[in-house]
Amino acid sequence: MRLKRTVTCGQLTTANINQEVILNGWIATSRDHGGVIFLDLRDRYGKTQVTFNPDQTPELAVEAKRLGMEDVIAVRGMVRARPDGNINSTMPTGEIELIVSELEVLNEAQPLPFLVSDRESGSEDLRLEYRYLELRTEELQKIMAMRSKTYESTRRRLSAEGFMEFETPVLMKSTPEGARDYLVPSRIHKGRFYALPQSPQTYKQLLMIAGFDKYFQIVKCFRDEDLRADRQPEFTQIDIEMSFVDQDDVIGLATRIARGIFKDILDYELPETFPTMSYKNAMETYGSDKPDIRFEMELIEFARYAEKTDFAVFKDNLAAGGRVKALVLKKAADKYSRKVTDDLTAWLKTYYGLKGLAFVKLEQSDFSAGISKFFPDDLQKKIVSDLGLEHNDIVFFVSDTGPRTLQSLGALRLELAKRENLIPKDIISPLFVLDFPLLDWDEDSQRYIAMHHPFTSPNPEDIELMESDPGKVRARAYDLVINGYEVAGGSIRIHTREMQSRMFELIGMDEAEAQARFGFLLKAFKYGAPPHGGIAFGFDRLIMLLAGTENIRDVIAFPKTTSAASLMDEAPSWVDEHQLKELHIKLLD
RNA sequence: GGGAUCGUAGUUCAGUUUGGUUAGAACGCCGGCCUGUCAAGCCGGAGGUCGCCGGUUCGAGCCCGGUCGGUCCCGCCA
């Protein structure tokens, strides 16, 4: 190219007046007045108005006339102060303009599928097809810059703390536990497959055994499961592992990393230590293992009142070992007509398998509507006084099996908070959830499965329960939850062969199977494995919080749709027959 | 695997309730006018397999069945 930029489109000010400069960039808008022509030239640093004046350069004005949006040009010119009354105070470069003396058209753009100046001007599938254009929008340019700064902040802090950065294999052995693996067929080994890592879990443990006591990696992970607004099939983790540490050391480091990132990127001060809550408490109080604690509205234990009511559903469920819990929405009963409560009930039925949702409204200090007639007067008075109920409050009741009661009331808590705008924006509320159960009973396979993963160490206080009451054993596992998002999760690992074998046994994996699947790790444990533990941050979710978006596709340069397809390059795609043949693969159907 | 919802010019949408002449608007695009705008303005023009397949009907953008794709949710995500 002839005219290489000497400055960017975001940096010229009145200090540069009378300097000759060259700008390169995309045309954001053009304003043709028949005589004078204005172009706003854009690059990722900003926009500058460049002006073509037919009195001075008539031949350039003719050429500029046919330029349109998103053409790429280079211009040489003199920086001038804009005439009086023509200053644009909404842009940083609004006091100056570039009077063009030389123009090089680098590339012209076809008519655009949507406006780069307005991200809402195209539907999401169209924007994904032309993702490189969407990435030119101001919003995504900012988020990508934020993401880049976060990589940098993370690396700088971990390096300063003495961590070594590693790369671990992307082609690895398939692990049966956990999420579905993405598989890669081996050409050389007929009928065998590599798997893409769900996480580099085993490798980082082996690096601990190798003596690299502080490891980290910013790494892609792959899980072949169905997607959500905050889940992509490939996503990024800040993966961390440390030797000779206990839970508090890992939590301390995770706190410093999170504090550092929010300080560096948003200049937001998180507390020096984050609050903690047990898994049990989180479930009982918020109906979630990742509670959003930006607002109160806690779940209330209601069994002691429910048993004194005349409501058969409560009594039957309690007798059957179920639960009754309640949720109070303050000062909003008038907004919850029969239709609204019916809709909420239908929603809970559909998604959480709940049989019903009961409620009462407060009319002055008396129960009204819903199931109020099942509450004797003296019981009403006691509840009103115990719970501090006031006029126009509405109390929702859920009664079902324990887990279903907690989960659905937790979902209702979030839904009501959204409807009533109870969630304060601009607040970031971190929380460590601790003492997760080691195991989870799986109805389908009628066995225990590891709740976190099978390398998670049991809490030493509960080890004696491992065989007698496995469901009660707590793990040394911890999650960092921010604003209701699971942002990081980790555990202290098992580091002895004996304990690892006991764990495999608990989840119904016999010695032969354990050998076949994790023999390499069990073998390594025999050669001096140090006590170790770690944590992994969901990097994309962290960026979501920093950017204030609820969609993970906003923070990934080239994301996939909810059917795990890329609309831009049309992956996944069919492959040639000979490619399949080389891989010894034959398609059914 | 299940549920909800959306699909109409290049794009964003209206039209679907109640089937009926030539499917509209805005932005973008093309042409013309216009020398200080910054979402420039004014005038004109081109642009449609109403996602796709089938059905009902004299007649379907509109009703019915199926299908494909986007989004959100449940299951799933150690």
Side-chain angles (χ1 to χ4, degrees), chain A residues 28-40 47-56 58 61 65-66 68-70 80 82-91 93-94 97 99 109-130 133 175-181 198-199 201-202 221-233 235 346-354 407-408 411 414-415 436 438-440 442 444 448-456 475 477 486 489 491 503 507 536 538 550-551 553 560-563 565 567:
Chain A
T29 53
S30 69
R31 293 176 293 279
D32 177 359
H33 285 253
V36 68
I37 295 167
F38 303 106
L39 304 179
D40 287 344
K47 283 187 212 170
T48 300
Q49 172 166 290
V50 302
T51 304
F52 293 81
N53 195 323
D55 300 337
Q56 294 161 28
K65 218 174 176 48
R66 69 181 172 81
M69 285 195 292
E70 301 305 313
R80 297 285 191 209
R82 295 196 190 184
D84 283 347
N86 288 299
I87 285 168
N88 185 343
S89 56
T90 63
M91 52 197 291
T93 60
E97 64 186 336
I99 307 297
Q110 283 192 5
L112 302 160
F114 57 90
L115 296 175
V116 168
S117 57
D118 177 15
R119 196 166 168 232
E120 300 304 309
S121 68
S123 60
E124 186 169 8
D125 51 338
L126 191 76
R127 286 182 274 132
L128 286 175
E129 186 184 340
Y130 297 92
L133 292 180
T175 53
E177 293 283 318
R180 203 175 287 118
D181 282 326
Q198 298 172 24
S199 84
Q201 183 60 37
T202 49
C221 302
F222 306 85
R223 293 178 190 175
D224 188 4
E225 297 294 344
D226 287 342
L227 310 179
R228 287 288 188 282
D230 65 345
R231 281 182 357 210
Q232 282 274 301
F235 60 97
W347 168 69
L348 288 170
K349 278 183 184 172
T350 309
Y351 291 135
Y352 300 93
L354 216 56
Q407 195 205 4
S408 49
L414 282 178
E415 176 64 23
F436 280 83
L438 184 69
L439 301 164
D440 211 6
D442 183 48
D444 293 340
Y448 282 105
I449 55 175
M451 188 148 180
H452 185 56
H453 57 54
F455 315 108
T456 299
E486 185 195 325
S491 62
M503 182 67 186
I507 60 174
E550 291 186 349
N551 194 322
R553 293 183 298 275
K560 293 185 173 55
T561 66
T562 48
S563 65
L567 296 179

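Residue numbering restarts at 1 for every chain, and letters A, B, ... go by the order of the sequence lines. What you see below is based on every heavy atom in this structure, not just the backbone, and it leaves out hydrogens, waters and symmetry mates.
In this structure, Ser117(A) does not reach the rA39(B) phosphate: none of its side-chain N or O atoms is under 4.0 Å from OP1 or OP2. Phosphate proximity of rG70(B) to Ser563(A): present, with a side-chain N or O under 4.0 Å from OP1 or OP2.
Nucleic acid contact for Phe455(A): none, since no nucleic acid atom lies under 4.0 Å from a heavy atom of the residue. Pro113(A) comes within 4.0 angstrom of sugar-phosphate atoms only, judged by non-hydrogen atoms across all strands, and of no base. Within 4.0 Å of Phe114(A), counting heavy atoms only, lies no atom of the nucleic acid at all. Among the atoms of the strands shown, base atoms are found under 4.0 Å from some heavy atom of Gln49(A). Using a 4.0 Å heavy-atom distance criterion, Leu227(A) is classed as making no nucleic acid contact. Thr175(A) comes within 4.0 angstrom of nothing in the nucleic acid, heavy atoms only. In this structure, Thr29(A) reaches the sugar-phosphate backbone alone: every heavy-atom distance under 4.0 Å involves primed, P, OP1 or OP2 atoms, never a base. Residue contacts for Ser199(A): at a heavy-atom cut-off of 4.0 Å it reaches a base atom on one of the strands shown.
No side-chain donor-acceptor contact under 3.5 Å links Gln232(A) to the backbone of Arg553(A).
Between the P atom of rC6(B) and the CG atom of Leu128(A) lies a distance of 21 Å, rounded to the nearest Å. In this entry the distance linking CG of Asp230(A) with P of rC76(B) reads 16 Å, nearest Å. At whole-Å resolution of the value, CG in Asp32(A) and P in rG28(B) are 14 Å apart. Rounding to whole angstrom units, CD of residue Glu120(A) and P of rC27(B) are separated by 19 Å. Rounded to whole angstrom, the span from the NZ atom of Lys65(A) across to the P atom of rC34(B) amounts to 9 Å. Remark: C1' of rG3(B) and OH of Tyr352(A) are 13 Å apart, rounded to the nearest angstrom. Put simply, CG on Asp125(A) is 8 Å from P on rG70(B), counting in whole angstrom units. One atom, CD of Glu550(A), and another, P of rU71(B), lie 16 Å apart when rounded to the nearest Å.
Residue Thr562(A) places its side chain closer to rC72(B) than to any other of rC38(B), rC72(B), rG28(B). Looking at the side chain of Glu225(A), the nearest of the listed nucleotides rU37(B), rC76(B), rG70(B) is rC76(B). Listed nucleotides rG70(B), rG75(B), rC77(B) differ in distance to Gln407(A); the shortest reach to its side chain belongs to rG75(B). Residue Thr561(A) places its side chain closer to rU71(B) than to any other of rG2(B), rU71(B), rC38(B). With distances taken from any side-chain atom of Arg228(A) to the nucleotides rC74(B), rC38(B), rG70(B), the minimum falls on rC74(B). For Asn551(A), the listed nucleotide lying nearest its side chain is rC72(B); candidates were rG70(B), rC72(B), rC38(B). The Leu115(A) side chain lies nearest to rG28(B) when the options are rC76(B), rG36(B), rG28(B). Taking the side chain of Asp226(A) as heavy atoms from C-beta on, and the options rA40(B), rG36(B), rC76(B), the nearest nucleotide is rC76(B). Residue Glu124(A) places its side chain closer to rU71(B) than to any other of rC29(B), rU71(B), rG3(B). Closest contact between the side chain of Arg231(A) and the listed nucleotides rC73(B), rU71(B), rG75(B) involves rG75(B).
No side-chain heavy atom of Phe455(A) sits under 4.5 Å from any side-chain heavy atom of Met503(A). Contact of the Arg223(A) side chain with the Phe235(A) side chain is registered, since non-hydrogen atoms from C-beta on lie closer than 4.5 Å.
For the pair Arg31(A) and Asp40(A), the salt-bridge criterion is met [side-chain N within less than 4.0 Å of a carboxylate O]. No salt bridge links Glu97(A) with Arg80(A); every basic N to acidic carboxylate O contact stays at or beyond 4.0 Å.
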Checklist line | Check against side-chain contact (heavy atoms from CB on, under 4.5 Å), Leu115(A) and Met69(A) | finding: CA-CA 9 Å; Leu115(A) 296 175; Met69(A) 285 195 292; 3.6 Å; yes

Next item on the list: Carefully, step by step, assess Asp125(A) and Glu129(A) under the rule side-chain contact (heavy atoms from CB on, under 4.5 Å).
Entry: CA-CA 6 Å; Asp125(A) 51 338; Glu129(A) 186 184 340; over 6 Å; no

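Rounded to whole Å, the separation between the C1' atoms of rU16(B) and rG10(B) comes to 24 Å.
Taking only distance into account, the side chain of Tyr351(A) meets the base of rG3(B) through a donor-acceptor pair shorter than 3.5 Å. Contact annotation: side chain of Arg66(A) to base of rC30(B), donor-acceptor pair absent below 3.5 Å.
rG59(B): no Watson-Crick or G-U partner with both key distances under 3.5 Å is found in any strand. Base pairing of rC34(B) is not made with any nucleotide, judged by Watson-Crick or G-U wobble geometry with both donor-acceptor distances under 3.5 Å. rC72(B) is paired with rG3(B) under the criterion used here, namely a Watson-Crick or G-U wobble arrangement in which both key atom distances are under 3.5 Å. rG19(B) makes up no base pair with any nucleotide shown, lacking Watson-Crick or G-U wobble contacts both under 3.5 Å.
Toward the 5' end of RNA chain B, the nearer of the two residues Gly178(A) and Lys560(A), judged by each one's closest nucleotide, is Lys560(A). A residue-by-residue look at Gln198(A) and Arg553(A) shows that Arg553(A) has its nearest nucleotide of RNA chain B further toward the 5' end.
Residue ring and base: His33(A) counts as stacked with rA40(B) (centre distance below 5.5 Å, interplanar angle below 30°).
One finds the CZ atom of Phe38(A) at 5.0 Å from the OG1 atom of Thr51(A) (value rounded to the nearest 0.5 Å).
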